[in-house]
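Scroll down for the structure; my scribbles are underneath it.
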Amino acid sequence: MATADSETHNPLEPRIPKLQFVPFTSALDAGFWHELTQKKLNEYRLDETPKGIKGYYYNGDPFGLPARLTLEFSAFDVNAATPAHCCPAVGTLYNTNTFESFKSCDKKSLLEKAANEIWETIKSGTALENPMLLNKFLLLTFADLKKYRFYYWFCYPALCFPDGIPIVQQAVCLGERFSPTQIQALQKAYDELCQRERVTALPYFLIKYNDKSVLVSLLKNWNDFFQDQEEKVTVGVYDPCNFTQYPGWPLRNLLVMAAHRWGNHLHSVEVLCFRDRTMQGVRDITHSSIFEIKLPQMPQSPVDCPKAVGWEKNQKGGMGPRMVNLSECMDPKRLAESSVDLNLKLMCWRLVPTLDLEKVVSSKCLLLGAGTLGCCVARTLMGWGVRQITFVDNAKISYSNPVRQPLYEFEDCLDGGKPKALAAADRLQKIFPGVNAEGFNMSIPMPGHPVNFSEVTMEQARKDVAQLERLIDAHDIIFLLMDTRESRWLPAVVAASKRKLVINAALGFDTFVVMRHGLKKPKQQESGDSCSNNASGSADLLGSSLFSNIPGYKLGCYFCNDVVAPGDIRGFLSRFDNVLPVSLAFDKCTACSPKVLDQYEREGFNFLAKVFNSSHSFLEDLTGLTLLHQETQDAEIWDMSDDETV
């Protein structure tokens, strides 16, 4: 059994037994750690300022078990109800951000600060009005949320008498001192006082008794209640301890307050350790103990706070913190999700506090292409917390793929190769079970690639278009990550029509391009704005900074800078720099111009079939690019003419 601080004794004096106390043992259930995790992630973040918490203690364990101070999930709500027949205790949480901060925290300073606060409440008399202030505790924690290990160190500040507390009469069970009638009267008087004060338990109270009656009162009524008793009084303490000979920890600060306020005329104090226990549905207080001590004298006007003790010993009996490992009782998949979420929130707290992580995590991403770009984009999206990723590709994994495409392995190439889209989705779920990944093995029809060879090919193209439209409609962000330029045309048109955000990425041998397509306004809003904006919009934008003034709905798409219909074109540029181009939407664009979108929205697949089965000139004629080419050529011929030539 752990005892209070050691006390010196002069061997020449007769040895007088000194009172010893049973310290609290912290009891934190899993719900407390779960709530701390949520508070850390969603509220505290990097904030290390002290937080108010609340625990409780009671006498409900079998003999020999330690006195427990319990903290549950409700500990963070200081106004939460306390369980019946339990005594509340207020505390302060110091949650550190790193293990190094936890280890280097000045525990001595924390204890002294808490002890001084208790001492000030004793001197000022506020502890007499609110005795809960004598029962403070500290909790120093570090939560390793990646491994679900929680390091903690409890402290129950207790003020000490320099020479200990002499025992006048040894403790005995209440049943040996009180008659059954007195015990029943004590329990009734205590319950009535609790009801009047509307509390579940009173930490301290005053007692007067004789053979016929037992009276109890609040601590603040000391002078009136004991006005006819000058040398000896009886105080009650709600005691969590089960040892007959030793009281629990809450008594310590009460005795210091009694010595400070009434020690000058009080020779001894009788202490009744009120042990209110309910086991197997039967309530019993007969195992309470009662003893008498000689109240030590304190200086008349002490300025300095008495010495304080209180840091809890660890499981090995040494002065050190404890650790609880909850990872073993957690579902590994849930643990993985929590760790990923923590990483994201740490990045957000430290680097981009304004980032709306919930919006990122809830985004549904459609990746058209499961090659080098598709694999890398998927891993990056998953690293940023995106939970829903869908692949579309019609290729199979070849032997050259795994070295460049990190979602595939050599075994995926055997027997003709697995479908890329399906294999990529399967691998994402193996990497992180919390992701919802799907794969669709399908082709995307392209301009200038006929589909009218037969009814079968025409019907297959119709199905592919319908499937692509459904997928784009069901997702928030569309990534164009294909190998060819013309394969990007159909999803660019469909996404523009459905007002979906499109991110386009392409790789060359030594170049790359990443582009966000303009996100057009909703159709009803677009029609209302067109009349007022057409006259001045372009002129205003071109006359100022493009980077800061082009609104998102007026940005161009991948095809807006072309003066030809989609073809398989790729450029290369060998230089070590990045260019950030910004351009307006082109009114003759072969993908997002009003003429193309109107035709698509009116005719649907019939229009698309014309594009697939015709040459590139079909889109150029539709959008006016053919006329633009002709006007350009005519202008060049006119500029080259010479009027002075005969």
Side-chain angles (χ1 to χ4, degrees), residues 1-9 11 13-27 57-69 85 87 134-135 156 158-180 182-183 186-187 190 201 203-207 209 214 232-259 266-279 283-296 309-310 312-313 317:
M1 180 192 69
T3 59
D5 49 304
S6 59
E7 298 157 358
T8 58
H9 173 66
E13 297 177 356
R15 186 171 182 85
I16 300 176
K18 299 295 179 70
L19 188 63
Q20 292 182 311
F21 305 84
V22 177
F24 274 118
T25 295
S26 57
Y57 56 92
Y58 64 102
N59 193 295
D61 295 316
F63 177 81
L65 292 182
R68 296 184 297 163
L69 180 67
H85 303 299
C87 194
L134 298 174
N135 264 344
Y156 319 94
L159 308 181
C160 304
F161 291 102
D163 300 318
I165 304 170
I167 299 176
V168 176
Q169 289 186 0
Q170 292 287 350
V172 296
C173 283
L174 187 63
E176 298 181 22
R177 180 74 63 84
F178 277 32
S179 67
Q182 287 176 307
I183 293 176
L186 171 63
Q187 181 174 313
Y190 174 81
Y204 310 104
F205 52 98
L206 310 176
I207 305 172
Y209 63 93
V214 178
K232 177 183 172 182
V233 297
T234 303
V235 296
V237 55
Y238 187 93
D239 191 14
C241 181
N242 286 315
F243 292 93
T244 304
Q245 296 298 319
Y246 306 102
W249 209 252
L251 177 61
R252 301 194 67 157
N253 291 334
L254 173 65
L255 294 181
V256 171
M257 183 173 74
L266 218 66
H267 295 164
S268 66
V269 173
E270 187 176 57
V271 178
L272 193 155
C273 292
F274 188 77
R275 296 172 176 177
D276 191 357
R277 181 169 66 188
T278 301
M279 296 187 69
R283 186 183 180 195
D284 178 32
I285 66 168
T286 56
H287 66 294
S288 301
S289 69
I290 188 168
F291 57 90
E292 187 178 340
I293 55 100
K294 180 181 179 182
L295 198 61
V309 294
E312 181 184 24
K313 294 182 179 180

message: Is there a side chain to side chain donor-acceptor pair (under 3.5 Å) between Y190 and D276? Walk through the geometry before answering.
response: CA-CA 10 Å; Y190 174 81; D276 191 357; 5.3 Å; no

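- Side-chain contact between V233 and L206 is absent, with no heavy-atom pair separated by less than 4.5 Å.
- Looking at F291 and C273, their side chains come closer than 4.5 Å, going by heavy atoms from C-beta outward.
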message: For Q245 and S289: C-alpha separation, side-chain torsions, deciding distance, then whether side-chain contact (heavy atoms from CB on, under 4.5 Å) applies.
response: CA-CA 8 Å; Q245 296 298 319; S289 69; over 6 Å; no

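- Checked by atom type, the side-chain pair Y58/R277 shows no donor-acceptor distance below 3.5 Å.
- Proximity of Y209 to L272: side-chain heavy atoms (C-beta onward) are nowhere separated by under 4.5 Å.
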message: Does V271 form a side-chain contact (heavy atoms from CB on, under 4.5 Å) with L254? I'd like the steps, not just the answer.
response: CA-CA 11 Å; V271 178; L254 173 65; over 6 Å; no

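- Within the 4.5 Å cutoff, the side chain of P296 has no heavy atoms near those of the D163 side chain.
- For the atom pair OG1 of T278 and CD1 of I285, the computed distance is 11.0 Å after rounding to the nearest 0.5 Å.
- Separating the CG atom in L255 from the CG atom in L134 is a distance of 10.5 Å, to the nearest 0.5 Å.
- Using a 30° and 60° split on the angle between ring planes, F205 and F274 fall in the perpendicular class, above 60°.
- With contacts defined as side-chain heavy-atom distances shorter than 4.5 Å, the pair K18/F161 does not qualify.
- N242 places no side-chain N or O within donor-acceptor distance of the main-chain N or O of N59, the cut-off being under 3.5 Å.
- Using a 4.5 Å cut-off on side-chain heavy atoms (C-beta onward), Y156 and P23 make no contact.
- The shortest distance between side-chain heavy atoms of V214 and I207 falls below 4.5 Å.
- For E312 (side chain) and S26 (main-chain N/O), a donor-acceptor pair under 3.5 Å exists by modelled atom type.
- Across every non-hydrogen atom of G164 and P166, the tightest pair is O-CD, 3.8 Å.
- Counting only distance, with no hydrogens or angles, the side chain of S288 and the backbone of R275 share a donor-acceptor pair below 3.5 Å.
- Side-chain N or O atoms of Y204 include one that pairs as donor or acceptor with a backbone N or O of P250 at under 3.5 Å.
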Please tabulate, one pair per line, all N/O donor-acceptor pairs under 3.5 Å involving side-chain atoms of residues 168-176, not counting sequence neighbours.
from : atom 1 : to   : atom 2 : distance (Å)
Q169 : OE1    : R177 : NH2    : 3.4

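- Closest approach of C241 and V22 over heavy atoms only: SG-CG2, 3.5 Å.
- By the 4.5 Å heavy-atom criterion applied to side chains, L251 and D239 are not counted as neighbours.
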message: L69 vs W249, test: side-chain contact (heavy atoms from CB on, under 4.5 Å). Steps then yes/no.
response: CA-CA 10 Å; L69 180 67; W249 209 252; over 6 Å; no

